[in-house]
Amino acid sequence: MKKILLLNLFLLWGYTLFASGGGVYYGNYNYNSRFSNIDMSKMYYYGGYGYGSDYDGNRNGGFGLVIFSEDPSDNIYQGAFGGFIRGKEATFGPLMFSANIWTGVGHTWQGVSLIADINGEIGFAVFPWMQVAVYGGMQGTTSFMDIFDTYTYTPVFGARIVWGDFES
């Protein structure tokens, strides 16, 4: 399992060398009784991604993520996903703003599962080839076999380090 995960992360990293941007990210789940149906605040995730952007600011790419638990009574591994990125971005000098939808398939404690993440991102180009970004949004998962009874949703927040071409 570890070899497959490392191979997928390596392939995703290799893809980012040829994309408009790509890098690594870390995210946390935040429980809010109004916006969450499950408390996942003891879980976190990280992964890699890559995307291409056209002159109109349309984003297309791919991602991989792994979910872990900090709770010692839980299995540390909680799931893994891979999928597609679709979004829209705008740049103003060194600043970048984007709205994204990440959708994919993977495996969780519920079995084969689907994921959807709607997020907004604000980035700052530290160098012409590197950007630091923060993001927030909503993430939902559901088991493929029992979509309406196993869905979860909760707010997510995190940070991304992106390499690419950020000169305007």
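Ring centroid separation for the pair Tyr135 and Trp102 does not come in under the 6.0 Å cut-off. A centroid separation of 6.0 Å or more is found between the aromatic rings of Tyr26 and Tyr46. Side-chain rings of Phe63 and Tyr51 stay apart, their centers remaining 6.0 Å or farther from each other.
Under the 4.5 Å side-chain contact rule for hydrophobic residues, Trp163 and Leu95 share a cluster. Transitive grouping of hydrophobic side chains (ILVMFWY, heavy atoms separated by less than 4.5 Å) brings Ile161 and Val126 into a common cluster. A continuous path of hydrophobic side-chain contacts links Ile38 to Val156 [ILVMFWY only; heavy atoms under 4.5 Å]. Cluster annotation: Ile118 and Phe157 are assigned to distinct hydrophobic clusters (Ile/Leu/Val/Met/Phe/Trp/Tyr, side-chain heavy-atom contacts under 4.5 Å, transitive).
Between atom CG of residue Asn100 and atom CG of residue Asn119 there is a gap of 5.0 Å, rounded to the nearest 0.5 Å. In this structure, CD1 in Ile101 is found 12.0 Å from CD1 in Ile85, a value given to the nearest 0.5 Å. Here the straight-line distance linking atom CD of Gln139 with atom CD1 of Ile67 works out to 6.0 Å at 0.5 Å rounding. A distance of 6.5 Å separates CD of Gln131 from CD of Glu121, quoted to the nearest 0.5 Å. Separation of atoms CD (Glu89) and CE (Met96) is listed at 6.0 Å; rounding is to 0.5 Å. For the atom pair CZ of Phe68 and CD of Gln78, the computed distance is 10.0 Å after rounding to the nearest 0.5 Å.
Within the 4.5 Å cutoff, the side chain of Val162 has no heavy atoms near those of the Met130 side chain. When side chains are defined from C-beta on, Thr152 does not count as touching Tyr29, because their heavy atoms never get closer than 4.5 Å. Contact annotation: the side chain of Tyr25 approaches that of Leu65 to within less than 4.5 Å [non-hydrogen atoms, C-beta and beyond].
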Under the criterion side chain to side chain donor-acceptor pair (under 3.5 Å), I'd like the reasoning laid out for Thr141 against Ser113: C-alpha separation, chi angles, the key distance, then a yes or no.
CA-CA 7 Å; Thr141 63; Ser113 298; 6.0 Å; no

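Side chain of Lys88 to backbone of Asp56: a donor-acceptor contact under 3.5 angstrom is found. Judged by distance alone, with hydrogens and angles left aside, the side-chain atoms of Ser69 form no donor-acceptor pair with the main-chain N or O of Met43 at under 3.5 Å.
Each of Tyr44, Phe81, Tyr77 was checked for a side-chain contact (heavy atoms from CB on, under 4.5 Å) with Val66, and the lone residue meeting it is Tyr77.
A donor-acceptor pair shorter than 3.5 Å can be found between the side chains of Asn60 and Arg86.
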